[in-house]
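What you see below is based on every heavy atom in this structure, not just the backbone, and it leaves out hydrogens, waters and symmetry mates. First the proteins, then the strands, lettered A, B, ... as listed; each starts at 1.
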Amino acid sequence: MPEPNQDVIRRSGELASSLAAVLPKGAVLDREDQRRVYESDGLTAYRQMPLMVALPETTDQVSKVLTICASFGAKVVPRGAGTSLSGGALPLADGVLLGMSRFNRILDVDYANRCVVAQPGVTNLAISDAVADRGFYYAPDPSSQIACTIGGNVAENAGGVHCLKYGLTTNNIQGLEMVLMDGQVMRLGGRHLDQSGYDLLGVMAGSEGLLAVITEITVRILPKPQTAQALLVGFDTVQAAGNCVAAIIAGGIIPGGMELMDGPAIRAAEAYAGAGYPTDAQALLIVEVDGTGEEVKVLAERVSGIAADHGASTIRASASDQERVTFWAGRKAAFPAVGRISPDYYCMDGTIPRARLAQVLSQIAVMSERYGLGVANVFHAGDGNLHPLILYDANNPGELDRAEQFGADILRLCVAMGGVLTGEHGVGVEKRDLMGEVFTEQDLAQQQRLKCAFDPDGALNPGKVFPTLHRCAELGRVHVHGGKTRFPELPRL
Amino acid sequence: MTEIFAPPDSNQVAEAVSQAVSAGTTLDLRGGGSKVAYGRPMDTDAILDVSALSGIDLYEPEELVITVGAATPMAEVQSVLAEANQHLAFEPPNYGHVLGHGVGSATIGGIIACNLSGPRRICAGAARDHVLGIAAISGRGDAFKSGGRVVKNVTGYDLSKLMAGSMGTLGVMTEVTLKTLPRPTQTRTVLILGIDAETGLKVLEQTAGSQAEATGLAFLPKLQSERSAVPVISEADSVTAMRLEGAGDSVADRAMVLAVQHKDAKVQILDHEDSLTYWAEIRDCTLMPTSGALWRISVPPASAAQLAGRLAVDCDPEILFDWAGGLMWVAMKDDDPCEGLVRDALDSLSGHATLVRATESIRRTIPVFQPQSDPLAELSARIKEAFDPQGILNPGRMVAGQ
């Protein structure tokens with residue numbers, strides 16, 4: 001992490017009173033017991049007490065807080081519900097933690113334009129709940145949807161189990177209001193489709209709190225599909241399940257959700273949730289098809305046929321919506337279920353081309369032997385997003401380090417297979433030092449130049465995403481080659 | 001005479017841009033050249049012709065991914081995908097009819113750079129939603145990449161989205177990786193004939209919010225519908241059209257269900273072939289006139305009727321409504337774009353208007369794209385500078401002086 005600025009720490013009393021002057025009573029927390037609550041996010045292996053916590057309630061207050069922080073040279077770490085699994089909201093010793101929990105209102109539900117305007121601290125599930133009575137929902141559904149906020153979803157470009165058909169957060173937002181580090185407020189997009197000018201909505205999605213503070217979000221809502229049916233399909237090998245996934249897609253079917261679990265994950269989930277999973281299977285596919293009644297009937301039959309052709313050992317179709325929900329209950333509880341069979345687990349988040357699944361899982365099994373740590377795998381098969389859960393015990397000296405090395409090896413393997421470091425959890429502090437596996441120095445420099453356009457002093461959430469921070473002035477230099485024609489071989493017409 | 005650089009590969013593109021940086025040469029980026037009349041006119045020192053960056057580098061239908069050279073012709077991409085019963089779901093349009101160019105020279109890079117999407121935009125997303133990764137040369141002459149070949153990816157900033165819609169002002173795209181999807185095998189269109197625009201737009205709004213899963217929702221007044229090659233359309237006083245697509249016989253059943261819901265109106269169902277013809281006409285804007293100022297306006301769908309009413313009072317344009325009203329094609333009677341009225345009307349709504357067609361002198365004097373608020377315009381200028389500090393790539397194409 002960047003070296004703490006001692007001057008800011010020395011002046012923290014002065015900073016706290018400046019912030020208190022523009023915020024409601026009790027909205028600046030600087031006592032140790034108050035700050036302790038914020039010392040880590042969902043990645044609990046990393047902890048750091050923030051210098052202080054500010055809890056604004058309005059866009060104007062956010063703007064003032066950022067302006068004041070900028071004038072003190074203080075860093076700012078935005079935070080939603082703190083469910084990040086990559087340390088995206090890890091505080092800084094010399095930074096103000098900007099808690100957005102008080103931005104907790106849905107501002108407008110607009111059925112005519114099929115969108116909802118919400119403040120960033122509203123939970124993901126609360127949006128779907130708010131429009132459920134009219135038969136609408138918000139599509140991205142990360143497993144943490146009961147707790148995670150829509151602002152955090154934008155920052156991490158959150159996904160869920162329905163991404164292949166319905167897209168990620170970036171494909172489901174239409175507008176934002178945001179505040180730059182210099183206090184300027186601006187709006188992007190709105191209740192219409194597409195924005196004019198540069199696609200800054202696309203840039204903000206997945207920017208991990210490094211570019212601007214989001215204060216309002218317009219999301220698109222969809223009518224719930226008329227019906228949905230889930231199929232539970234067991235296989236004797238992961239390879240067979242992987243081939244079945246490829247065949248479903250090659251057959252022109254895009255399921256609403258398609259999840260794969262390996263043997264250890266199946267057995268942990270079944271012991272925990274009692275969803276009726278075949279515990280003797282080595283791989284389990286949950287395939288959900290949705291749409292109009294006519295369409296679902298046809299698709300479910302076709303998926304069953306493909307599964308049978310690929311040697312499925314069991315095929316069960318949900319007979320009711322209640323049973324469909326039960327099928328999902330095991331998968332949605334996979335993380336806590338694994339938590340029950342191991343004192344600690346470390347959740348990874350690589351994405352790979354689907355066809356490489358069997359190969360990747362067999363190499364993970366080899367690594368598991370080598371590191372002496374167990375692993376259970378759950379896989380968003382539709383979109384190639386793999387979550388290996390590495391089992392360890394933090395009380396055993398050295399096991400956390402081994403788990404982290406094992407995790408890094410898995411991510412390197414994902415990249416080598418044509419995939420990426422993170423599908424939906426973000427880079428944060430966790431995968432920061434692996435960015436060089438994916439990007440060249442030149443790629444990273446260009447990304448940082450974009451950061452400079454938003455935040456030239458590098459004050460917003462520094463220490464995340466980028467392994468090395470360059471000063472903006474240094475990145476801004478242009479190398480001009482003295483006007484000489486360096487490339488005489490270049491064809492000129 | 002304007003100098004033309006025509007590098008044969010992406011390394012040479014990087015060298016050409018580096019050389020332009022050194023010499024301070026401004027560049028007009030060209031792929032197929034089908035959109036030279038789109039955007040603000042430019043006065044550049046040279047043309048950077050990247051048409052050699054063409055060809056399919058990778059296509060894996062089971063992985064739903066294709067990687068192509070940025071200047072690969074759209075027609076080539078589409079025919080390769082069609083062989084595997086796939087397509088680009090955002091329904092890339094070809095505006096040759098209204099931009100006055102021959103059909104067929106559009107490239108994938110041009111479509112992405114302009115972020116243009118067809119009628120299926122309402123459910124499948126825009127062009128930018130289908131870009132998984134890009135490789136490009138910045139205005140510094142540096143090669144950079146972003147994204148990858150997988151759908152789910154938050155590894156670093158999404159520069160691919162930034163490149164989409166940036167009209168070649170931030171970098172020279174050399175390679176594009178796109179998400180492909182299965183192509184629907186059956187299409188039907190439920191038509192309601194002869195109702196007025198306000199009633200038609202209400203029907204579209206209701207359908208968009210229903211479980212019908214319509215993939216196209218358009219309203220055409222008589223002036224547009226009578227230009228259609230589909231007889232039942234060309235004979236109608238107005239057409240409210242709802243498209244259903246899917247994988248088999250169920251599509252025809254769904255069309256019947258939807259038609260029965262409107263049995264009190266004058267309802268028809270277009271078969272597969274006629275549906276393809278008709279939606280291509282809407283997608284490619286071929287039902288609009290070939291002369292006079294032409295706007296493409298994105299508005300909240302529920303505001304479309306109100307905006308149309310305001311424009312009718314002073315300018316009396318022809319208007320075609322796509323995206324359930326969210327996209328309005330507005331054709332003026334002559335070269336006068338009625339700019340003041342269009343922008344004023346949009347000020348009170350959210351949305352943006354692009355002057356797709358106007359004389360060169362008009363496009364030089366008034367903003368072609370929606371003017372932005374000051375803070376946003378300043379941020380955009382800093383982003384331009386971050387990618388192209390010398391301002392050599394398509395200068396002034398989007399915003400004057402930038």
Side-chain angles (χ1 to χ4, degrees), chain A residues 111-114 156-157 159 163 167 171 184 186 190-194 196-199 202-203 206-207 223 226 246 249-250 252 291-292 294-295 298 351 353-355 383-385 418-424 426 438 442-443 446-447 449-450 452-453 478 480-481 483 486-487 490-493, chain B residues 4-6 12 15-16 19 21-23 62-63 85 125-126 128-129 138 140 142 144-145 148-158 161-162 164-166 182 205 209-211 213 246-248 250 253-254 298-302 326 350-352 369-370 372-373 375-376 380 382-383 386 389:
Chain A
Y111 290 109
N113 290 311
R114 297 169 292 286
E156 303 294 334
N157 192 17
C163 295
N171 312 112
Q184 287 205 79
M186 58 194 77
R191 300 181 192 213
H192 55 281
L193 295 175
D194 302 339
S196 58
Y198 295 142
D199 188 355
V203 167
S207 62
Q226 200 178 76
I249 288 170
T292 59
E294 302 87 346
E295 202 81 4
V298 172
T351 304
R354 277 174 292 265
D383 47 51
N385 189 197
V420 296
L421 292 176
T422 169
E424 56 184 353
V438 183
Q442 215 156 278
D443 297 335
Q446 194 50 52
Q447 293 194 29
R449 287 191 191 102
L450 178 67
C452 292
V478 181
V480 177
H481 309 287
R486 281 202 301 161
F487 311 106
L490 203 67
R492 295 159 155 256
L493 308 177
Chain B
I4 301 173
F5 301 110
Q12 299 273 321
E15 295 190 356
Q19 191 173 307
V21 171
S22 302
E62 298 85 359
E63 295 285 333
N85 295 313
R128 56 84 99 173
D129 293 299
S138 74
R140 301 164 173 273
D142 292 344
F144 68 95
K145 64 176 182 300
R149 47 165 296 186
V150 292
V151 182
K152 227 169 173 178
N153 185 0
V154 270
T155 316
Y157 298 136
D158 196 345
K161 296 235 171 15
L162 187 61
S166 66
E205 177 186 314
S210 78
Q211 296 171 326
E213 305 201 343
S250 60
D253 299 342
R254 287 164 55 203
S298 174
V299 285
S350 88
H352 56 92
F369 299 96
Q370 189 73 18
Q372 297 181 314
S373 68
L376 188 52
S380 300
R382 290 197 298 273
I383 291 172

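- We find the CD1-SG distance between B:Ile383 and A:Cys452 to be 11.5 Å, quoted to the nearest 0.5 Å.
- For the pair A:Asn113 (side chain) and B:Ala302 (backbone), a donor-acceptor distance under 3.5 Å is present.
- Side-chain contact between B:Val150 and A:Val420 is present, with at least one heavy-atom pair separated by less than 4.5 Å.
- Both the backbone and the side chain of B:Gln370 come within contact range of chain A, judged by heavy atoms closer than 4.5 Å.
- With rounding to the nearest 0.5 angstrom, the CZ atom of B:Phe144 is 8.5 Å from the CG atom of A:Asp443.
- Taking chain B as the reference chain and counting heavy-atom pairs below 4.5 Å, the highest number among A:Gly419, A:Gly197, A:Gly167 is found for A:Gly197.
- In this structure, B:Arg149 and A:Gly418 approach most closely via the heavy-atom pair CG-O, 3.5 Å.
- The part of B:Ser138 that comes within reach of chain A is its side chain, from C-beta onward, which places non-hydrogen atoms under 4.5 angstrom from that chain.
- In this structure, the side chains of B:Arg140 and A:Arg449 come closer than 4.5 Å at one or more pairs of heavy atoms.
- Here B:Lys161 contributes atom NZ and A:Asn157 contributes atom CG; the two are 7.0 Å apart, rounded to the nearest 0.5 Å.
- Not one N or O on the side chain of A:Gln447 forms a donor-acceptor pair closer than 3.5 Å with the backbone of B:Asp158.
- For B:Phe369, no part sits under 4.5 Å from any heavy atom of chain A, backbone or side chain.
- Annotation: maximal heavy-atom pairing with chain B below 4.5 Å, among A:Gly202, A:Pro223, A:Gly190, A:Gly423, occurs at A:Gly423.
- Expressed to the nearest 0.5 Å, how far CD of A:Glu424 lies from NZ of B:Lys152 amounts to 3.5 Å.
- Within the 4.5 Å cutoff, the side chain of B:Asn153 has no heavy atoms near those of the A:Thr422 side chain.
- Listed options B:Gly165, B:Gly326, B:Gly156 were ranked by heavy-atom pairs under 4.5 angstrom with chain A; first place goes to B:Gly156.
- Within the 4.5 angstrom heavy-atom criterion, only side-chain atoms of B:Pro389, from C-beta onward, approach chain A.
- The minimum heavy-atom distance linking A:Asp194 with B:Ser298 is given by the pair O-OG, 4.4 Å.
- B:Ser350 and A:His192 share a side-chain donor-acceptor pair at under 3.5 Å.
- Using modelled atom types, one side-chain atom of B:Glu63 and one backbone atom of A:Arg354 make a donor-acceptor pair closer than 3.5 Å.
- By the 4.5 Å heavy-atom criterion applied to side chains, A:Met186 and B:Gln372 are not counted as neighbours.
- In terms of heavy-atom pairs under 4.5 Å with chain B, the best-connected choice from A:Ala246, A:Gly159, A:Pro353 is A:Pro353.
- For the residue pair A:Leu193 and B:His352, the shortest heavy atom distance occurs at O-NE2, 3.8 Å.
- For A:Glu294 against B:Asp253, the heavy-atom pair with the smallest separation is CG-CB, 4.2 Å.
- Interface remark: B:Asp129 contributes backbone and side-chain atoms alike to the contact with chain A (heavy atom separation under 4.5 Å).
- Of all the heavy atoms in B:Gly246 and A:Glu295, the pair that sits closest is CA-OE2, 3.7 Å.
- One finds the OG1 atom of A:Thr292 at 6.0 Å from the CD atom of B:Glu213 (value rounded to the nearest 0.5 Å).
- If you tally non-hydrogen atom pairs under 4.5 Å between each of A:Gly252, A:Ala250, A:Ser196 and chain B, the highest count goes to A:Ser196.
- With respect to chain A, the highest number of heavy-atom pairs below 4.5 Å among B:Ser210, B:Gly209, B:Ala126, B:Ala164 belongs to B:Gly209.
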